[in-house]
Amino acid sequence: MAQYFADIFHTVSSVLQGMGITLKHFVRKPVTLQYPDERWVLPERFRGFVHNNIIRCNACLGCAKACPVSCIYIETEGKGKDRYMTRWAVDFNKCIWCGFCVDPCPTNAISMSHDYDHSLYDRRRLVYEYVPPDKPVPCHREKRLEMGYFVEEKSAGEGAEQPKPRAKPAPDPAPAAPPAPAPESPPAGADRKGEDQ
Amino acid sequence: MVIVTDVYQKILGAGASPQVLLVLGGLTMALVMALVMAACAIVFTWMERKVAGFMQSRYGPMRVGHWHGVAQPVADMLKILQKEDIIPAEADKFFFRVAPLIIFLGSLLAWAAIPFAPGFVAADLDLGLFYIFAVSGLAVIGILMAGWASNNKWALYGAARGAAQIVSYEIPIALAAIPVVMYTGSLNMNDIVHAQQGGVAGWFLLRNPFLFLAFLIYFICSIAEVNRTPFDLPETESELVAGYHTEYTGMRFAFFFLAEYANLFLVSCIATAVFLGGWQNPVPGVNVAPGLVFVVKATVLVFLQMWMRWTLPRLRVDQLMYVCWKVMIPLSLVCVVGAGIWMMVLGQLAH
């Protein structure tokens, strides 16, 4: 008999205890992040979409060889100073975002950006081409300087100089912001944020 | 309803016979109550999702309708109207079609006797409270029809359990309402509300400790009547195995849901009218519309029901039956006797 009343009392008190907990949660701010309007601040080393600063790339094929799924496609023509890169592409259908391609790069051309939310309607557009089909990029440093591309200093900051074509390689070509010769942004190029085309 | 019949009298002129006015008034009030039920479904589904969200540390609907998802129920309604209406091949077609309507009817009929404001009752019945408890039982027929006509053994189990639950819990509900009738001396809902004058101290809830216990019993049993967690085994069987409304799709399913949310508000309204003072103003000085007072009180009780839903685990069917027959009924009988003795000792007999 006493057990009967003890049970009732226990039931009621545990119900009230539970309701107290839910009430506490009710008045707290929810933990949800409202995604398109609010985003996480990403750590510096976050591995997002692979980005290639094509004017620094010299087609050494280091990234292509390092990639575990062979998703970097590089095609070149010519030899020596006349070597041109006709295609540099990343196939994001295959990319596993491991970041192995970043380490071998001798010129710090390739990096992983903080983008993660590109969305498209067609899978074929996930192959990002960084070299325009009609403007192959010269691979050799001297050729670039002759042609008006210029090579950014590895350690220098940004500037806004004009290209200075010279006969001999200048010891310290002026570092500058990405110039006009840099490919008109490839269809799914570098810094868009998740926009479909 | 007098207001409505007066309006019709003015429209039709002096020659209208009282029967015609009665019929027209009745039809209008039935339409109004059906709209109230639809409004309940819209408002309370939104409220349920938001309350559930915040209690689970998340937001609930946020995008549909710009401010915290207020248009979400509208979107859901449009979606459900577009669904295919499937009737199982071996189902009993007539009963399958009729069952949702009977469940809806059981809810709609009970709205007739709820006093929203002084003079605003669809039907001023002298048997108001008794009528409400009686027609709540119609839902049992609908549930059994739905479970049987689905041609699905799991639906039948769910329906049988649901029917047993509703029929069992009607007893403590009625018993818990008896002390109130003892105080008022009448079953008329308007009289019950009028007897609770005088601000918060006049509420039946606070006049008598046995009435407080009666309110708790009434509230818990009414949650069981409307199949809400923790007593929702008949319908969540549909999440686990199958419940009585498994085979229903689209608008037919929407009828079940409409009836559920309307019932939610209905039992809150009854509890408000009977125990919490109905449309009587809790603070005597302030001048507030009685209808608004009533709706706010009922909404607080709805929030309480939602709070319980998102806190408590579900009761197993044998636990459910144990609670009804071995806890609720004895306690409600204690309430009846105790309230009577209290009244006699303190000289508060109804006049």
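Every chain is numbered from 1, with letters handed out A, B, ... down the list of sequences.
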Problem set entry | Derivation and outcome, side chain to side chain donor-acceptor pair (under 3.5 Å), residues B/Trp307 and A/Thr22 | CA-CA 8 Å; B/Trp307 186 5; A/Thr22 34; 3.1 Å; yes

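- Using non-hydrogen atoms only and a strict 4.5 Å limit, the part of residues 4-15 of chain A facing chain B consists of A/Tyr4, A/Ile8, A/Val15.
- Under the 3.5 Å distance criterion, with hydrogens and angles disregarded, no donor-acceptor pair is assigned to the side chains of A/Tyr128 and A/His51.
- For the set A/Met19, A/Arg28, A/Gln34, A/His25, the entry with the most heavy-atom pairs within less than 4.5 Å of chain B is A/Met19.
- Residues of residues 46-61 of chain B placed with any heavy atom under 4.5 Å of a heavy atom in chain A are listed by number as B/Val51, B/Phe54, B/Met55, B/Ser57, B/Arg58, B/Tyr59.
- Side chains of B/Glu260 and B/Asn227: no donor on one and acceptor on the other come within 3.5 Å.
- Aromatic pair A/Trp97/A/Tyr116: centroids not less than 6.0 angstrom apart.
- At a 4.5 Å heavy-atom cutoff, the contact between A/Leu23 and chain B is made by backbone and side-chain atoms alike.
- With a threshold of 4.5 angstrom between heavy atoms, A/Lys29 approaches chain B through side-chain atoms but not through N, CA, C or O.
- The shortest side-chain heavy-atom distance between B/Cys324 and B/Pro172 falls under the 4.5 Å cut-off.
- Two residues are said to be in side-chain contact when any heavy atoms from C-beta on lie closer than 4.5 Å; A/Tyr73 and A/Arg87 meet this criterion.
- For B/Pro330, the part lying near chain A is the side chain, with the backbone staying farther off; criterion is any non-hydrogen pair under 4.5 Å.
- Here B/Tyr261 and B/Phe44 keep their ring centres 6.0 angstrom or further from each other.
- Looking at heavy atoms from C-beta onward, B/Leu216 lies out of side-chain contact with B/Phe219 at the 4.5 angstrom threshold.
- Inter-residue side-chain proximity for B/Phe204 and B/Leu276 is flagged as unmet; no heavy-atom pair is nearer than 4.5 Å.
- Between A/Arg56 and A/Asn53, the closest side-chain pair of non-hydrogen atoms falls below 4.5 Å.
- Taking the centre of each ring, B/Phe231 and B/Tyr169 come in below the 6.0 Å mark.
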